[in-house]
Amino acid sequence: MTTAMPDAASLDQAAARMYQARPLTAADQRAFDQIAAGYQRTAPAAPASRNLLNKTVQELVDEALSGINPHGTRPPVDVRLPGRLAAALPDWAHRGRRRDFTHPPSTQLYVAATMLREWGWQAKPHKLRNKRGQRCICGALVTTVSLGIGTMSGAETAAWHVLGVLRDQGWPQLIGDWNRECGSAQKAIDVTLTAYQRAVAAGA
């Protein structure tokens with residue numbers, strides 16, 4: 001388990017190394033196989049069941065995942081960010097917060113997306129924060145650890161899920177490169193939330 005607190009660039013590079021070692025496609029295939037196993041493969045008599053055969057694979061996956069509690073056995077993510085003014089504080093200023101190392105990577109992704117929405121997003125990659133407290137995706141994930149939410153090893157896994165989403169979209173470079181080019185906070189939030197959903201589906 002990683003114990004040192006890296007910067008956003010180190011997190012991004014760690015995610016790339018993890019992705020090379022274990023791409024998401026196999027895990028995604030296993031998750032889909034489990035979902036698809038519950039559907040009839042022959043034309044059933046019931047009209048509602050017959051409609052399943054007219055849906056695309058993506059529609060079936062989305063429908064199946066929509067019934068899963070996105071927070072697993074935890075209650076809905078109840079981690080609250082400090083006030084907006086706290087966004088620009090240095091990491092050491094948050095050390096007095098109660099720490100919970102049991103939060104999984106999915107919670108870190110959810111909180112990172114909330115951070116990008118509430119504290120703001122910046123296009124400049126690999127910078128923990130700007131003067132206004134806005135963060136890039138990797139900066140937000142590193143900050144979850146500073147806020148006592150999960151571990152740095154979990155943040156690396158969370159970044160790996162983000163990179164997997166970007167790879168599926170055809171992006172061949174690092175998260176920070178995409179963050180610089182994506183052009184809007186909403187796109188960064190959407191990618192982070194998609195990675196959150198994938199992490200939940202993978203049980204992480």
Side-chain angles (χ1 to χ4, degrees), residues 2 4-16 70-71 74-166 169 171 173-200 204:
T2 304
M5 179 73 72
D7 56 19
S10 299
L11 180 73
D12 200 354
Q13 292 162 2
H71 310 291
R74 284 181 173 272
V77 175
D78 57 358
V79 177
R80 297 176 194 269
L81 291 177
R84 180 66 185 86
L85 292 177
L89 293 176
D91 284 358
W92 58 261
H94 299 294
R95 288 183 186 152
R97 287 175 58 88
R98 190 172 136 262
R99 306 188 74 75
D100 186 348
F101 298 116
T102 67
H103 282 295
S106 57
T107 298
Q108 290 175 287
L109 283 160
Y110 188 89
V111 172
T114 303
M115 199 178 299
L116 295 173
R117 183 183 301 110
E118 295 183 8
W119 286 4
W121 166 83
Q122 64 164 359
K124 188 172 183 180
H126 301 156
K127 187 173 181 182
L128 190 60
R129 73 183 70 75
N130 62 18
K131 290 182 179 178
R132 292 185 292 176
Q134 298 167 315
R135 285 153 168 81
C136 65
I137 293 175
C138 289
L141 285 170
V142 170
T143 301
T144 64
V145 182
S146 301
L147 293 175
I149 302 163
T151 64
M152 200 61 235
S153 178
E156 289 177 0
T157 300
W160 172 67
H161 282 290
V162 172
L163 192 60
V165 171
L166 297 179
Q169 295 177 2
W171 184 258
Q173 300 174 40
L174 295 176
I175 298 168
D177 300 313
W178 180 89
N179 188 89
R180 182 174 50 240
E181 300 294 330
C182 76
S184 79
Q186 192 56 54
K187 287 182 181 177
I189 292 166
D190 289 346
V191 161
T192 308
L193 287 176
T194 301
Y196 158 73
Q197 292 165 351
R198 292 179 75 148
V200 169

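Computation of the quantities below employed the complete heavy-atom set of this structure, encompassing side-chain atoms and omitting hydrogens, waters and symmetry-equivalent molecules.
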**Prompt:** In chain order, what residues pass the side chain to side chain contact (heavy atoms under 4.5 Å, CB included) check against Gln173, with sequence neighbours excluded?
**Reply:**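 Result, side chain to side chain contact (heavy atoms under 4.5 Å, CB included) vs Gln173: Trp171, Asp177.
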**Message:** Among residues at least two apart in sequence or on other chains, which ones pass side chain to side chain contact (heavy atoms under 4.5 Å, CB included) with Ala195?
**Reply:**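 With sequence neighbours excluded, Ala195 shows a side chain to side chain contact (heavy atoms under 4.5 Å, CB included) to Leu109, His161, Val162, Val165, given in chain and number order.
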Point-to-point distance, once rounded to the nearest 0.5 Å, from [atom1] of [X] to [atom2] of [Y]:
{"X": "Thr107", "Y": "Ile149", "atom1": "OG1", "atom2": "CD1", "answer": "8.5 Å"}
{"X": "Ser146", "Y": "Arg129", "atom1": "OG", "atom2": "CZ", "answer": "7.5 Å"}
{"X": "Tyr110", "Y": "Met115", "atom1": "OH", "atom2": "CE", "answer": "13.0 Å"}
{"X": "Thr157", "Y": "Met152", "atom1": "OG1", "atom2": "CE", "answer": "10.0 Å"}
{"X": "Asn179", "Y": "Ile137", "atom1": "CG", "atom2": "CD1", "answer": "5.0 Å"}

[X] and [Y]: which non-hydrogen atoms are nearest, and at how many Å?
{"X": "Gln122", "Y": "Asn130", "value": "OE1-CB, 3.4 Å"}
{"X": "Gly183", "Y": "Trp121", "value": "C-CH2, 4.1 Å"}
{"X": "Val145", "Y": "Ala155", "value": "CG2-CB, 4.0 Å"}
{"X": "Cys136", "Y": "Leu116", "value": "O-CD2, 3.9 Å"}
{"X": "Leu141", "Y": "Ala112", "value": "CD2-CB, 3.7 Å"}

**Request:** Not counting sequence neighbours, which residues clear salt bridge (Lys or Arg N to Asp or Glu O under 4.0 Å) with Asp190? List them please.
**Result:** none
With a 4.5 Å limit on heavy-atom distance, are the side chains of [X] and [Y] in contact?
{"X": "Arg135", "Y": "Val142", "result": "no"}
{"X": "His103", "Y": "Thr144", "result": "no"}
{"X": "Leu193", "Y": "Arg117", "result": "yes"}

**Request:** Report yes or no: does Gln108 contribute a side-chain atom to a donor-acceptor pair with the main-chain N or O of Thr151 at less than 3.5 Å?
**Result:** yes
